[in-house]
Amino acid sequence: MTVQLRYQPPLDWDALLRFLRLRATPGAEVVDAAVYRRTIAINGVAGVMSVSCDAKAAQLILHVSGVADGDVVARVRRIFDLDADPHAIATRLHRSPQLRRWVDAAPGLRVPGAWDGFELAVRAVLGQQVTVKGATTLAGRLVRAFGTPIENCRAIEKCGGLSHLFPRPAALADADLAPIGLPRARAATIRGLAAAVASERVMLDGSCALADTVSTLCALAGIGDWTAQYIAMRTLRDADAFPSTDLGLQRALARDNQRPSAAELLRLAEAWRPYRAYAAMHLWCGGADRRLAT
(Lines give C-alpha, C1' and ligand atoms only; values in the text may rest on other atoms or scores of the structure.)
Protein backbone atom coordinates (compact mmCIF):
# COMPACT_ATOMS: atom_id res chain seq x y z
CA MET A 1 0.00 0.00 0.00
CA THR A 2 1.24 3.48 -0.86
CA VAL A 3 -0.50 6.60 0.46
CA GLN A 4 0.19 10.32 0.06
CA LEU A 5 -0.36 12.30 3.26
CA ARG A 6 -0.89 16.01 2.79
CA TYR A 7 0.24 18.61 5.29
CA GLN A 8 0.23 22.37 5.66
CA PRO A 9 3.72 23.67 4.81
CA PRO A 10 6.29 24.41 5.95
CA LEU A 11 7.49 21.18 7.55
CA ASP A 12 11.09 20.79 8.73
CA TRP A 13 11.57 17.17 7.62
CA ASP A 14 15.32 17.18 8.24
CA ALA A 15 14.87 18.29 11.85
CA LEU A 16 12.18 15.66 12.43
CA LEU A 17 14.43 12.91 11.12
CA ARG A 18 17.42 14.12 13.16
CA PHE A 19 15.31 13.99 16.31
CA LEU A 20 13.90 10.55 15.51
CA ARG A 21 17.25 9.16 14.33
CA LEU A 22 18.90 9.81 17.68
CA ARG A 23 16.04 8.05 19.45
CA ALA A 24 15.36 5.22 16.99
CA THR A 25 15.05 1.89 18.81
CA PRO A 26 17.50 -0.61 17.27
CA GLY A 27 15.65 -3.55 15.77
CA ALA A 28 12.30 -1.74 15.66
CA GLU A 29 13.20 1.51 13.89
CA VAL A 30 15.67 2.67 11.26
CA VAL A 31 16.12 6.30 10.22
CA ASP A 32 18.47 7.21 7.41
CA ALA A 33 19.13 10.53 5.68
CA ALA A 34 15.68 10.82 4.13
CA VAL A 35 13.44 7.93 5.24
CA TYR A 36 11.87 6.70 8.48
CA ARG A 37 11.20 2.94 8.71
CA ARG A 38 9.80 0.78 11.47
CA THR A 39 8.17 -2.54 12.28
CA ILE A 40 4.45 -2.50 12.95
CA ALA A 41 1.70 -4.96 13.86
CA ILE A 42 -1.97 -4.71 12.94
CA ASN A 43 -4.35 -7.24 14.48
CA GLY A 44 -1.41 -9.45 15.38
CA VAL A 45 0.08 -9.44 11.88
CA ALA A 46 3.62 -8.05 11.50
CA GLY A 47 4.77 -5.74 8.74
CA VAL A 48 6.86 -2.68 8.04
CA MET A 49 6.26 0.87 6.98
CA SER A 50 8.47 3.55 5.49
CA VAL A 51 7.87 7.29 5.26
CA SER A 52 9.60 9.82 3.04
CA CYS A 53 8.84 13.45 2.18
CA ASP A 54 7.93 15.13 -1.10
CA ALA A 55 8.38 18.74 -0.02
CA LYS A 56 7.42 20.20 -3.41
CA ALA A 57 4.03 18.53 -3.22
CA ALA A 58 3.72 19.17 0.55
CA GLN A 59 3.09 15.52 1.27
CA LEU A 60 4.63 12.50 2.94
CA ILE A 61 4.81 9.22 1.05
CA LEU A 62 3.82 6.24 3.17
CA HIS A 63 4.60 2.67 2.08
CA VAL A 64 3.13 -0.20 4.11
CA SER A 65 4.03 -3.85 3.55
CA GLY A 66 2.83 -7.04 5.18
CA VAL A 67 -0.30 -5.73 6.90
CA ALA A 68 -3.72 -4.36 6.02
CA ASP A 69 -4.31 -0.63 6.31
CA GLY A 70 -5.84 -0.65 9.81
CA ASP A 71 -5.24 2.76 11.38
CA VAL A 72 -1.73 3.16 9.94
CA VAL A 73 -2.50 6.45 8.21
CA ALA A 74 -3.89 8.07 11.35
CA ARG A 75 -0.90 6.90 13.38
CA VAL A 76 1.59 8.21 10.83
CA ARG A 77 -0.14 11.58 10.83
CA ARG A 78 0.38 11.66 14.59
CA ILE A 79 4.01 10.55 14.40
CA PHE A 80 4.87 13.45 12.12
CA ASP A 81 2.37 15.93 13.58
CA LEU A 82 0.84 16.57 10.16
CA ASP A 83 -2.29 18.26 11.46
CA ALA A 84 -0.41 21.09 13.15
CA ASP A 85 -0.86 24.68 11.99
CA PRO A 86 2.76 25.84 11.54
CA HIS A 87 1.80 29.44 10.83
CA ALA A 88 -0.21 29.88 14.03
CA ILE A 89 2.56 28.23 16.06
CA ALA A 90 5.33 30.31 14.51
CA THR A 91 3.37 33.54 14.90
CA ARG A 92 2.91 32.91 18.60
CA LEU A 93 6.45 31.74 19.37
CA HIS A 94 8.15 34.36 17.22
CA ARG A 95 6.99 37.04 19.67
CA SER A 96 9.40 35.63 22.22
CA PRO A 97 12.92 37.14 22.08
CA GLN A 98 14.24 33.90 23.60
CA LEU A 99 12.77 31.77 20.79
CA ARG A 100 12.82 34.03 17.74
CA ARG A 101 16.16 32.91 16.34
CA TRP A 102 15.27 29.24 16.68
CA VAL A 103 11.83 29.70 15.14
CA ASP A 104 13.46 31.46 12.18
CA ALA A 105 16.08 28.72 11.86
CA ALA A 106 13.59 25.83 11.80
CA PRO A 107 10.34 26.91 10.09
CA GLY A 108 7.66 24.25 10.33
CA LEU A 109 9.27 22.31 13.17
CA ARG A 110 6.79 19.76 14.52
CA VAL A 111 6.51 17.75 17.73
CA PRO A 112 7.20 14.11 16.79
CA GLY A 113 4.59 11.69 18.02
CA ALA A 114 4.82 7.92 18.42
CA TRP A 115 3.54 4.79 16.73
CA ASP A 116 2.47 3.37 20.08
CA GLY A 117 1.87 5.10 23.40
CA PHE A 118 3.27 2.33 25.55
CA GLU A 119 6.42 2.10 23.46
CA LEU A 120 7.03 5.83 23.84
CA ALA A 121 6.32 5.72 27.57
CA VAL A 122 8.87 2.94 28.07
CA ARG A 123 11.37 4.89 25.99
CA ALA A 124 10.78 7.91 28.23
CA VAL A 125 11.49 5.87 31.37
CA LEU A 126 14.64 4.44 29.80
CA GLY A 127 15.74 8.03 29.18
CA GLN A 128 15.59 9.04 32.82
CA GLN A 129 18.97 10.30 34.06
CA VAL A 130 20.92 8.97 31.07
CA THR A 131 21.98 10.38 27.72
CA VAL A 132 19.86 9.95 24.61
CA LYS A 133 22.50 7.55 23.27
CA GLY A 134 22.44 5.52 26.48
CA ALA A 135 18.65 5.27 26.42
CA THR A 136 18.72 4.17 22.78
CA THR A 137 21.19 1.40 23.65
CA LEU A 138 18.95 0.20 26.47
CA ALA A 139 15.90 0.28 24.18
CA GLY A 140 17.68 -1.93 21.67
CA ARG A 141 18.57 -4.46 24.37
CA LEU A 142 14.96 -4.45 25.58
CA VAL A 143 13.63 -5.13 22.09
CA ARG A 144 16.08 -7.97 21.45
CA ALA A 145 15.33 -9.59 24.81
CA PHE A 146 11.55 -9.18 24.99
CA GLY A 147 10.29 -8.11 21.58
CA THR A 148 8.75 -10.44 19.02
CA PRO A 149 11.18 -11.55 16.29
CA ILE A 150 9.79 -11.23 12.78
CA GLU A 151 12.40 -12.97 10.65
CA ASN A 152 9.66 -14.73 8.69
CA CYS A 153 7.98 -11.50 7.60
CA ARG A 154 8.88 -11.10 3.92
CA ALA A 155 8.41 -7.33 4.13
CA ILE A 156 11.42 -7.18 6.46
CA GLU A 157 13.77 -8.60 3.87
CA LYS A 158 13.99 -5.25 2.08
CA CYS A 159 14.52 -3.23 5.26
CA GLY A 160 17.89 -3.91 6.79
CA GLY A 161 18.18 -3.40 10.53
CA LEU A 162 14.54 -4.23 11.34
CA SER A 163 14.11 -7.47 13.23
CA HIS A 164 11.60 -7.19 16.09
CA LEU A 165 8.30 -5.74 17.18
CA PHE A 166 8.52 -3.66 20.33
CA PRO A 167 7.43 -5.72 23.37
CA ARG A 168 3.83 -5.42 24.49
CA PRO A 169 2.87 -4.50 28.06
CA ALA A 170 2.13 -8.08 29.13
CA ALA A 171 5.65 -9.13 28.11
CA LEU A 172 7.24 -6.59 30.47
CA ALA A 173 4.86 -6.58 33.43
CA ASP A 174 6.77 -9.37 35.20
CA ALA A 175 10.00 -9.33 33.21
CA ASP A 176 13.45 -9.61 34.74
CA LEU A 177 15.08 -6.52 33.25
CA ALA A 178 18.37 -6.72 35.12
CA PRO A 179 20.23 -8.49 32.26
CA ILE A 180 19.79 -5.52 29.93
CA GLY A 181 21.60 -3.25 32.38
CA LEU A 182 18.72 -1.37 33.96
CA PRO A 183 19.04 -0.14 37.54
CA ARG A 184 16.65 -1.91 39.89
CA ALA A 185 14.42 1.12 40.47
CA ARG A 186 14.01 1.90 36.79
CA ALA A 187 13.27 -1.74 36.01
CA ALA A 188 10.55 -1.65 38.66
CA THR A 189 9.12 1.49 37.07
CA ILE A 190 8.87 -0.19 33.67
CA ARG A 191 7.21 -3.25 35.16
CA GLY A 192 4.75 -1.05 37.04
CA LEU A 193 3.99 0.97 33.91
CA ALA A 194 3.55 -2.20 31.86
CA ALA A 195 1.19 -3.71 34.42
CA ALA A 196 -0.85 -0.51 34.58
CA VAL A 197 -1.20 -0.34 30.80
CA ALA A 198 -1.93 -4.06 30.47
CA SER A 199 -4.72 -3.77 33.05
CA GLU A 200 -5.97 -0.53 31.43
CA ARG A 201 -5.44 1.46 34.60
CA VAL A 202 -3.37 3.75 32.36
CA MET A 203 -4.67 4.51 28.88
CA LEU A 204 -2.13 5.98 26.48
CA ASP A 205 -4.32 6.11 23.39
CA GLY A 206 -5.93 9.49 24.13
CA SER A 207 -9.24 7.93 25.14
CA CYS A 208 -9.12 9.46 28.64
CA ALA A 209 -8.95 13.09 29.69
CA LEU A 210 -5.42 14.45 29.39
CA ALA A 211 -5.23 15.70 32.98
CA ASP A 212 -6.45 12.36 34.31
CA THR A 213 -3.87 10.43 32.30
CA VAL A 214 -1.02 12.66 33.46
CA SER A 215 -2.20 12.37 37.07
CA THR A 216 -2.42 8.58 36.81
CA LEU A 217 1.05 8.38 35.30
CA CYS A 218 2.54 10.52 38.07
CA ALA A 219 0.95 8.23 40.65
CA LEU A 220 3.12 5.35 39.39
CA ALA A 221 6.37 4.80 41.25
CA GLY A 222 9.31 6.27 39.35
CA ILE A 223 7.31 8.50 37.02
CA GLY A 224 7.57 12.19 37.78
CA ASP A 225 6.66 15.40 36.03
CA TRP A 226 9.39 15.23 33.37
CA THR A 227 8.37 11.76 32.20
CA ALA A 228 4.65 12.55 32.30
CA GLN A 229 5.07 15.80 30.39
CA TYR A 230 7.28 14.13 27.77
CA ILE A 231 4.65 11.42 27.28
CA ALA A 232 1.95 14.10 27.06
CA MET A 233 3.94 15.88 24.35
CA ARG A 234 4.65 12.92 22.15
CA THR A 235 1.89 10.42 22.86
CA LEU A 236 -1.12 12.38 24.09
CA ARG A 237 -0.49 15.20 21.58
CA ASP A 238 -0.69 17.96 24.18
CA ALA A 239 0.59 21.03 22.33
CA ASP A 240 1.10 22.82 25.65
CA ALA A 241 2.93 20.09 27.57
CA PHE A 242 6.24 21.34 28.91
CA PRO A 243 8.91 19.36 30.84
CA SER A 244 10.33 22.34 32.73
CA THR A 245 12.82 20.24 34.71
CA ASP A 246 14.60 19.14 31.52
CA LEU A 247 18.28 20.12 31.65
CA GLY A 248 18.47 20.54 27.88
CA LEU A 249 15.79 23.23 27.96
CA GLN A 250 17.48 24.96 30.87
CA ARG A 251 20.89 24.87 29.15
CA ALA A 252 19.42 26.30 25.94
CA LEU A 253 18.28 29.37 27.86
CA ALA A 254 21.36 29.79 30.04
CA ARG A 255 22.90 33.23 30.36
CA ASP A 256 26.48 33.72 31.53
CA ASN A 257 26.63 30.01 32.35
CA GLN A 258 23.63 30.36 34.66
CA ARG A 259 20.71 28.07 33.85
CA PRO A 260 17.18 29.11 34.80
CA SER A 261 15.56 26.95 37.43
CA ALA A 262 12.51 24.86 36.58
CA ALA A 263 10.31 27.45 38.30
CA GLU A 264 11.94 30.29 36.35
CA LEU A 265 11.55 28.37 33.11
CA LEU A 266 7.88 27.76 33.81
CA ARG A 267 7.32 31.47 34.39
CA LEU A 268 9.13 32.32 31.16
CA ALA A 269 7.14 29.70 29.26
CA GLU A 270 3.82 31.26 30.19
CA ALA A 271 4.29 33.55 27.19
CA TRP A 272 4.55 30.51 24.89
CA ARG A 273 1.12 29.08 25.67
CA PRO A 274 -0.69 27.26 24.10
CA TYR A 275 2.36 25.93 22.19
CA ARG A 276 4.90 25.21 24.89
CA ALA A 277 5.60 21.73 23.47
CA TYR A 278 6.70 23.36 20.20
CA ALA A 279 8.83 25.82 22.15
CA ALA A 280 10.52 22.84 23.82
CA MET A 281 11.25 21.29 20.43
CA HIS A 282 12.82 24.52 19.19
CA LEU A 283 14.97 24.74 22.30
CA TRP A 284 16.04 21.10 22.04
CA CYS A 285 16.83 21.27 18.34
CA GLY A 286 18.28 24.78 18.30
CA GLY A 287 20.11 24.39 21.57
CA ALA A 288 22.05 21.48 20.11
CA ASP A 289 23.46 23.80 17.42
CA ARG A 290 26.47 25.68 18.73
CA ARG A 291 26.03 28.36 16.09
CA LEU A 292 22.64 29.27 17.53
CA ALA A 293 23.31 28.64 21.21
CA THR A 294 23.11 31.73 23.35
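We count residues from 1, following the sequence as given.
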Can you establish whether the number of heavy atoms outside Asp71 located under 6.0 Å from its atom CG is more than 12? yes
Yes or no on side chain to side chain donor-acceptor pair (under 3.5 Å) for Ser50 and His63, after CA distance, side-chain angles and deciding distance? CA-CA 5 Å; Ser50 66; His63 297 284; 5.1 Å; no
Between the side chain of [X] and the main-chain N/O of [Y], is any donor-acceptor distance below 3.5 Å?
| X | Y | value |
| --- | --- | --- |
| Glu264 | Ser261 | yes |
| Asp240 | Arg276 | yes |
| Gln128 | Gly224 | no |
| Gln8 | Asp85 | no |
| Arg234 | Pro112 | yes |
| Arg100 | His94 | yes |
| Arg6 | Ala57 | yes |
| Ser215 | Ala211 | no |
| Thr136 | Leu22 | yes |
| Thr227 | Val125 | no |

Check whether any side-chain heavy atom of [X] sits under 4.5 Å from a side-chain heavy atom of [Y], and report yes or no.
| X | Y | result |
| --- | --- | --- |
| Cys285 | Arg18 | no |
| Leu283 | Leu99 | yes |
| Arg191 | Leu172 | no |
| Leu93 | Trp102 | no |
| Gln4 | Thr2 | yes |
| Tyr36 | Met49 | yes |
| Pro260 | Arg255 | no |
| Val72 | Val76 | yes |

Applying salt bridge (Lys or Arg N to Asp or Glu O under 4.0 Å), run through Asp32 and Arg21 and close with a yes or a no. CA-CA 7 Å; Asp32 62 24; Arg21 186 181 302 117; over 6 Å; no
Report yes if the distance between the aromatic ring centroids of Tyr278 and Trp272 is under 6.0 Å, otherwise no. no
What are the two closest heavy atoms between [X] and [Y], and how far apart are they?
| X | Y | result |
| --- | --- | --- |
| Met281 | Arg110 | CE-O, 3.6 Å |
| Ala46 | Ile150 | CB-CG2, 3.5 Å |
| Arg201 | Gly192 | NH2-O, 4.4 Å |
| Ala33 | Leu17 | O-CD1, 3.7 Å |
| Thr245 | Ala262 | CG2-CB, 3.9 Å |
| Thr189 | Ala221 | OG1-O, 3.2 Å |

What distance separates [X] [atom1] from [Y] [atom2], expressed to the nearest 0.5 Å?
| X | Y | atom1 | atom2 | answer |
| --- | --- | --- | --- | --- |
| His164 | Thr39 | NE2 | OG1 | 9.5 Å |
| Asp205 | Arg75 | CG | CZ | 9.5 Å |
| Asp225 | Leu266 | CG | CG | 8.0 Å |
| Ser244 | Leu268 | OG | CG | 11.5 Å |
| Ile223 | Ile190 | CD1 | CD1 | 9.5 Å |
| Ile231 | Leu217 | CD1 | CG | 5.0 Å |

Salt bridge between Arg273 and Glu270, side-chain N to carboxylate O under 4.0 Å? yes
Test: Arg78 and Asp83 ion pair at under 4.0 Å: no
Starting from [Y], can I reach [X] by hopping between I/L/V/M/F/W/Y residues whose side chains sit under 4.5 Å apart?
| X | Y | result |
| --- | --- | --- |
| Leu16 | Leu82 | yes |
| Val73 | Val45 | yes |
| Leu20 | Ile61 | no |
| Ile180 | Val122 | yes |
| Met233 | Leu249 | yes |

Trp115: which of Ile40, Leu120, Thr235 passes side chain to side chain contact (heavy atoms under 4.5 Å, CB included): Ile40
After noting the C-alpha distance and the side-chain angles of Tyr7 and Phe80, does the key distance pass the ring-ring contact (aromatic ring centres under 6.0 Å, His included) rule? CA-CA 10 Å; Tyr7 60 84; Phe80 297 101; over 10 Å; no
For Trp226, side-chain hydrogen bond (donor to acceptor under 3.5 Å, both in side chains) partners two or more places apart: Asp246
Residues which pass salt bridge (Lys or Arg N to Asp or Glu O under 4.0 Å) with Arg38, listed by chain and number, not counting sequence neighbours: Glu29, Glu119
Determine, stepwise, if the pair Met1 / Val67 fulfils side-chain contact (heavy atoms from CB on, under 4.5 Å). CA-CA 9 Å; Met1 178 185 76; Val67 297; over 6 Å; no
Between Val31 and Arg23, does the side-chain contact (heavy atoms from CB on, under 4.5 Å) criterion hold? Intermediate values first, please. CA-CA 9 Å; Val31 185; Arg23 295 159 179 81; over 6 Å; no
Is the Phe118 ring parallel, tilted or perpendicular to the Phe166 ring (thresholds 30°, 60°)? perpendicular
Hey, mind stepping through Arg168 and Asp116 against side-chain contact (heavy atoms from CB on, under 4.5 Å) and telling me if it holds? CA-CA 10 Å; Arg168 303 309 305 145; Asp116 176 78; 3.3 Å; yes
